[in-house]
Amino acid sequence: MPETFAVLLAARLRDALSRCAFANELPVDFTPQVDPAQNRQFGDYQSNAAMILAKELRRNPREVATMVVEAFDGSGLCAAPEIAGPGFINFRLTGEALQARFAELLDDEERLGVARTDVPKTVVLDFSAPNVAKPMHVGHIRSTIIGDGLGRIARFLGHRVISDNHIGDWGTQFGMILWGWKHLLDESALETTPIAELLRIYREVNALTKEDETVLDSCKAELVALQGGDAENLGIWERCVDLSKKGLQQIYDLLDVRFDHWYGESFYNERLAPLVDDLLASGIAEVSEGAVCVFFREDEKLSDKPAIIRKSDGGFLYATTDLATIDFRIQELGADAIWYVVGAPQQLHFEQIFSVARRRGQHADFRHIAFGSILGKDRKMLKTRSGDTVQLADVLEEAVVRARAIIEEKNPGLPEEEKAEISRVIGIGSVKYAELSQYRMTDYIFDWDNMLSLKGNTAPYLINAYVRTRSIFRKLGSDFDSEGGSLVFTDEAENALALKLSQYPEIVPTILEDFRPNALAAYLYEVATTYHQFWEACPVLKVEGDVRHTRLALSEMTGRVLRHGLGLLGIRTTERM
RNA sequence: GCACCCAUAGUAAAAUGGAUAUUACGUCGGCCUCCGAAGCCGAAGGUCCAGGUUCAAUUCCUGGUGGGUGUACCA
């Protein structure tokens, strides 16, 4: 795999440094950094190495930069570097280097220049994880979409990713559902709209328990019976879980999200008691006030916050389940890393269980990939029990309807089947892009127009750029022919686009460094914008010869990068829109 | 009390410690006899406060202010 410009330039820079008069004064293992220029007026790439070294060497930064530039050999890659501002070294690639690199990328249809990781890991990816018997609401959208996107990126980079939907299929909510099933269930409604019926009884029981304490007690009794293995309750529970999974699967199908496993909480039931016994025996856990706890006395932050793993009544908690889950994932699934895409409010919980796991000698790479909350208009968290939550299915449906309306307006002549497909891709893509294009920790206020916007920096904008690339080949009447001529850049807009496209391999691997899919979204947005500018400046089909071939190649490559990059975000493209 | 997260233009959001803080919506003004105007070009408007580290701070540190969340027996 050919190296990226950033890597090549950094290597040249390192060579130059070693030839400078101060070479033997350099800090050991100093590696100069080269980044894309912030502003194209400064060139294509820039380095701040001279400013960093200036301090070590006790010299003026511009003086250091001058020495480096004089020693720099850019032959075959870039023009003589320029020094600017406080000591930036700016590089401008030669047209030949850009063309050569672009030709390589054009040949690499499968990976678009993106290297596989040198250290492939087995990653268990825990995301989505809705509660059973309740439909997914907008709050689940972040975990589901971010988790799926990160999984796609990690797979493409060469990791073995095992996605596991750790659904809440066991727990106190089943007390209410069992009671409701026995007292309130409408069998015919269960036949026709099972999910809605389950939600209805859950809500009604929830309301009843607040008015009438005896109902609450009865629910608890149902739960105890279930946990004790009562056959009737187990039967209801199984049917309930089964129905819910079918409902969830419909949403995942719509979202194009897949899981390798659905090891829900109930999967770990048999493992909880032995786990607690083991933690007690090893001295990691202790009994306190009747409960089994793990204390973190040595950790100042956690010293007054024990993790409870068995209640004084003998019941287990989600910390217990999560610890058992870690065992399973490491021992049975072979996890080197476990990534949890779970909301920020659970940070303490994950600190605790990661800490317990490490104390048990489990040294997988545990990551809590936290994200902010979706707030209501009152700036409070949208919560299931507050009543007026927005269901995810409704959001997706509305998104498709809105996309459909625009298609009817812009392109009414398309066949019905294609319209339906396009509105699905655009609508679902908009919801996903809205999520993936912002920093995951940011809390945001739920707003239909904001989430379903189809203008500006949105999925349709990116898909539109892709569609434009396809429309050229449709008009041309054939696919891109790599033998159709040679590459020759004749316009600044072509250089800018080729450079941008060549940076795809630089950006993709960085996404996992801090789990920021929004950085990929931002890059793709720049690709689309750069292509639109190219489109305005450079006619393709109206020119001849190598210029035309070059512009076809740029269009082809733009299409590939957009389709592939959007694919990594879990967003599909269409040929027309 | 303790801990964690957040604070950027009228609104919603970007920015591995880098140069003139970037986008979108909205507002104002241009561009379709020309490969798809879901587009392009231009204008106005902003980093909560006070210190500190640094050649360089929206970013890191300390202390405030404001908002959110979590914190022994829900998940």
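Order of the sequence lines fixes the chain letters, A, B, ..., with proteins taken first and strands second; residue numbering starts at 1 for each chain.
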(request) Give, ordered by number, those residues of residues 523-535 of chain A having at least one heavy-atom distance below 4.0 Å to an atom of RNA chain B; if nothing qualifies, reply none. (result) A/Y525, A/H532, A/Q533, A/W535

(request) Can you tell me, in whole Å, how much space there is between the P of B/U8 and that of B/A13? (result) 9 Å

(request) Could you tell me whether A/I406 contacts a base, only the sugar-phosphate backbone, or nothing, with contacts defined as non-hydrogen atoms closer than 4.0 Å? (result) base

(request) Could you please name the option among B/C35, B/C5, B/A38 that lies closest to any side-chain atom of A/M441? (result) B/C5

(request) Would you kindly give the CG-to-P distance between A/L216 and B/C74, to the nearest whole Å? (result) 12 Å

(request) Would you kindly give the CD1-to-P distance between A/I308 and B/C73, to the nearest whole Å? (result) 6 Å

(message) Looking at A/E421 and A/R424, is any side-chain nitrogen of the basic one under 4.0 Å from a carboxylate oxygen of the acidic one?
(response) yes

(request) Quick one: which residue pairs count as a side chain to side chain donor-acceptor pair (under 3.5 Å) with a foot in residues 34-46 of chain A, not counting sequence neighbours? (result) A/R40-A/D44, A/R40-A/E492, A/Y45-A/Q503, A/Y45-A/E506

(request) For B/C32, measure the glycosidic angle (O4'-C1'-N9-C4 for a purine, O4'-C1'-N1-C2 for a pyrimidine) and name it syn if it falls within 90° of 0, otherwise anti. (result) syn

(message) Can you measure A/D304 atom CG to B/U71 atom P for me and round it to whole angstrom units?
(response) 13 Å

(request) Give A/A291 one of three labels, base, sugar-phosphate or nothing, depending on what nucleic acid heavy atoms sit under 4.0 Å from its own. (result) base

(request) Check A/L569 against A/L436 and note the closest heavy-atom contact, atom names and distance. (result) O-CD1, 3.3 Å

(request) Apply the side chain to side chain contact (heavy atoms under 4.5 Å, CB included) test between A/Y466 and each candidate in A/L524, A/T558, A/L562; give the one that qualifies. (result) A/L562

(request) Answer yes if the side chains of A/D481 and A/H549 hold a donor-acceptor pair under 3.5 Å, and no otherwise. (result) no

(request) May I ask you to evaluate whether A/K311 reaches the phosphate of B/C74, defined as a side-chain N or O under 4.0 Å from OP1 or OP2? (result) yes

(request) Would you kindly say whether A/Y444 and A/S373 are connected by a side-chain donor-acceptor distance under 3.5 Å? (result) no

(message) Please evaluate residues A/K301 and A/D299 with respect to the criterion salt bridge (charged side-chain N to carboxylate O under 4.0 Å, His left out), reporting the C-alpha separation (whole Å), side-chain torsions for both, the decisive distance (0.1 Å), and the verdict.
(response) CA-CA 5 Å; A/K301 272 161 53 179; A/D299 184 338; over 6 Å; no

(request) Using a heavy-atom cut-off of under 4.0 Å over every strand shown, decide if A/K475 touches base, sugar-phosphate, or nothing. (result) sugar-phosphate

(request) Mind calculating the distance between CZ (A/F174) and C1' (B/A75) to the nearest angstrom? (result) 12 Å

(request) Let me know the distance between CD1 of A/I309 and C1' of B/A75, rounded to the nearest Å. (result) 17 Å

(request) Provide the distance between the two P atoms, one in B/U53 and one in B/U58, to the nearest whole Å. (result) 16 Å

(message) Using the P atom as the point on both nucleotides, what is the distance between B/A56 and B/G64, in whole Å?
(response) 26 Å

(request) May I ask you to say whether A/K419 pairs ionically with A/E408, meaning some side-chain N is under 4.0 Å from a carboxylate O? (result) yes

(request) Tell me, please, which residues at least two apart from A/V467 pass side-chain contact (heavy atoms from CB on, under 4.5 Å). (result) A/I463, A/T574, A/M577

(message) Using only modelled atom types and a 3.5 angstrom limit, is any donor from either the side chain of A/K301 or the base of B/C4 paired with an acceptor on the other?
(response) no

(request) Would you jot down, in residue-number order, the residues of residues 453-470 of chain A having a non-hydrogen atom under 4.0 Å from RNA chain B? (result) A/K455, A/G456, A/N457, A/Y461, A/N464, A/V467, A/R468

(message) For a quick check of understanding: with a heavy-atom distance under 4.0 Å over all strands, which category does A/E265 fall into, base, sugar-phosphate or nothing?
(response) sugar-phosphate

(message) Give me the stems containing RNA chain B, sorted by first residue, counting only three or more consecutive Watson-Crick or G-U pairs with both distances under 3.5 Å; say none if there aren't any.
(response) B:1-7 with B:65-71, B:10-13 with B:22-25, B:27-31 with B:39-43, B:48-52 with B:60-64

(message) In whole Å, measure the gap between the P atoms of B/U59 and B/A21 for me.
(response) 15 Å

(request) Could you pull out the closest heavy-atom pair between A/F296 and A/Q352, with the gap in Å? (result) CZ-O, 3.7 Å

(message) With rounding to the closest Å, how many angstrom separate the C1' atoms on B/A57 and B/A38?
(response) 39 Å

(request) Write down the distance between CZ (A/F371) and C1' (B/C5), rounded to a whole number of angstrom. (result) 13 Å

(message) If I take atom CD in residue A/Q438 and atom P in nucleotide B/C6, what distance separates them, rounded to the nearest angstrom?
(response) 14 Å

(request) Report the distance from atom CZ of A/R271 to atom OG1 of A/T320, rounding to the nearest 0.5 Å. (result) 14.5 Å

(message) Between C1' on B/G36 and CE on A/M577, what's the gap in Å once rounded to a whole number?
(response) 10 Å

(message) Under 4.0 Å between a side-chain nitrogen and a carboxylate oxygen: does that hold for A/R470 and A/D479?
(response) yes

(message) Work out how far the C1' atom of B/G70 is from that of B/A12, and round it to whole angstrom.
(response) 27 Å

(message) So which atom in A/I83 and which in A/A65 form the shortest heavy-atom distance, rounded to 0.1 Å?
(response) CD1-C, 3.6 Å

(request) Between A/E575 and A/K55, just flag the one whose closest nucleotide in RNA chain B comes earlier from the 5' side. (result) A/E575

(request) Identify whether the distance between the nearest side-chain nitrogen and carboxylate oxygen of A/R548 and A/E544 falls below 4.0 Å. (result) no

(request) Determine the interatomic distance between C1' on B/C60 and the same-named atom on B/U47; round to the nearest Å. (result) 16 Å

(message) Nearest to the A/Y444 side chain among B/U69, B/A13, B/C73, which nucleotide is it?
(response) B/A13

(message) Just verifying a value: how many Å separate A/F174 CZ and A/N131 CG, rounded to the nearest 0.5 Å?
(response) 8.0 Å

(message) Angle between ring planes, A/H166 versus A/Y268, binned at 30° and 60°: parallel, tilted or perpendicular?
(response) tilted

(request) Report, as a single string ordered 5' to 3', how protein heavy atoms within less than 4.0 Å touch nucleotides 15-21 of chain B: B base, S sugar-phosphate only, - not at all. (result) SB-BBB-

(request) Please state the P separation for the pair B/C6 and B/G52 - nearest whole angstrom. (result) 25 Å

